[in-house]
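Okay, so here's the structure we're looking at.
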Amino acid sequence: QVHLVESGGGLVQPGDSLKLSCAISGRFDRSAARAWFRQPPGKEREFVAAISRTGGYTYYADSVKGRSIISKDDARNPLTLQLNSLKPDDTAVYYCALGERVISSTLRLPSAYNIWGQGTQVIVSS
């Protein structure tokens with residue numbers, strides 16, 4: 001059974017940076033797409049960023065483009081998300097996800113991912 005565990009969340013001030021990590025345990029399909037989603041308070045889960053199985057392609061939501069970097073390292077910590085210039089609107093629970101049947105037209109959809117972590121809380125407040 002595959003388990004995803006996020007870490008790195010916390011309370012930060014506007015303008016700060018955070019690096020979220022997602023550790024993957026268990027046997028999983030390494031060709032699976034990997035992504036970060038977030039769920040702001042009172043809102044639905046939304047796409048943040050995704051990375052292709054080879055790491056050669058990355059995708060970002062407009063809300064974080066230019067101030068975030070998604071990366072993966074199969075040898076160590078499989079998935080990270082660097083968030084810079086944080087804003088109060090970035091406040092959310094952040095989830096990592098694996099999708100074994102994700103295609104380009106579905107990679108921004110939560111329903112395309114079949115394995116999820118429990119989430120890590122990020123609060124951006126002064």
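What you see is a predicted model, and the numbers here were worked out from it, not measured in a lab.
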Partners passing side-chain hydrogen bond (donor to acceptor under 3.5 Å, both in side chains) against Tyr94 (at least two apart in sequence or in another chain): Arg38

Interatomic spacing from CD1 in Ile51 to CH2 in Trp36 - rounded to 0.5 Å: 12.0 Å

OG-CD distance between Ser68 and Gln82, expressed to the nearest 0.5 angstrom: 9.0 Å

Gap separating the CG atom of Leu20 from the CG atom of Leu81, nearest 0.5 angstrom: 5.5 Å

Arg67 vs Lys65 side-chain heavy atoms within contact, under 4.5 Å: no

Ser126 to Pro14 - nearest heavy-atom pair and separation: N-CD, 3.7 Å

Partner of Val124 by side-chain contact (heavy atoms from CB on, under 4.5 Å), out of Val12, Leu83, Leu18: Val12

Close side-chain approach of Pro110 and Glu46, heavy atoms under 4.5 Å: no

Considering all heavy atoms, the nearest Gln121-Ala92 contact: NE2-O, 3.4 Å

Distance, nearest 0.5 Å, that separates NZ of Lys19 from CD1 of Ile69: 9.0 Å

Approximate separation, where rounding is to 0.5 Å, of Cys96 SG and Ile24 CD1: 6.5 Å

Heavy-atom pair with the smallest gap, counting every atom of Asp90 and Val64: OD1-CG1, 4.5 Å

CD (Gln118) with more than 12 external heavy atoms under 6.0 Å: no

Under 3.5 Å side-chain donor-acceptor pair for Ser21 and Thr80: no

Euclidean distance, Thr58 OG1 relative to Lys72 NZ, rounded to 0.5 Å: 12.0 Å

Other ILVMFWY residues reachable from Tyr95 by side-chain steps of under 4.5 Å: Phe37, Phe47, Tyr57, Tyr59, Val93, Val102, Leu107, Tyr113, Trp116

Pairing residues for Tyr60 by the ring-ring contact (aromatic ring centres under 6.0 Å, His included) criterion, not counting sequence neighbours: none

Any donor-acceptor N/O pair, Arg34 side chain to Leu98 backbone, under 3.5 Å: no

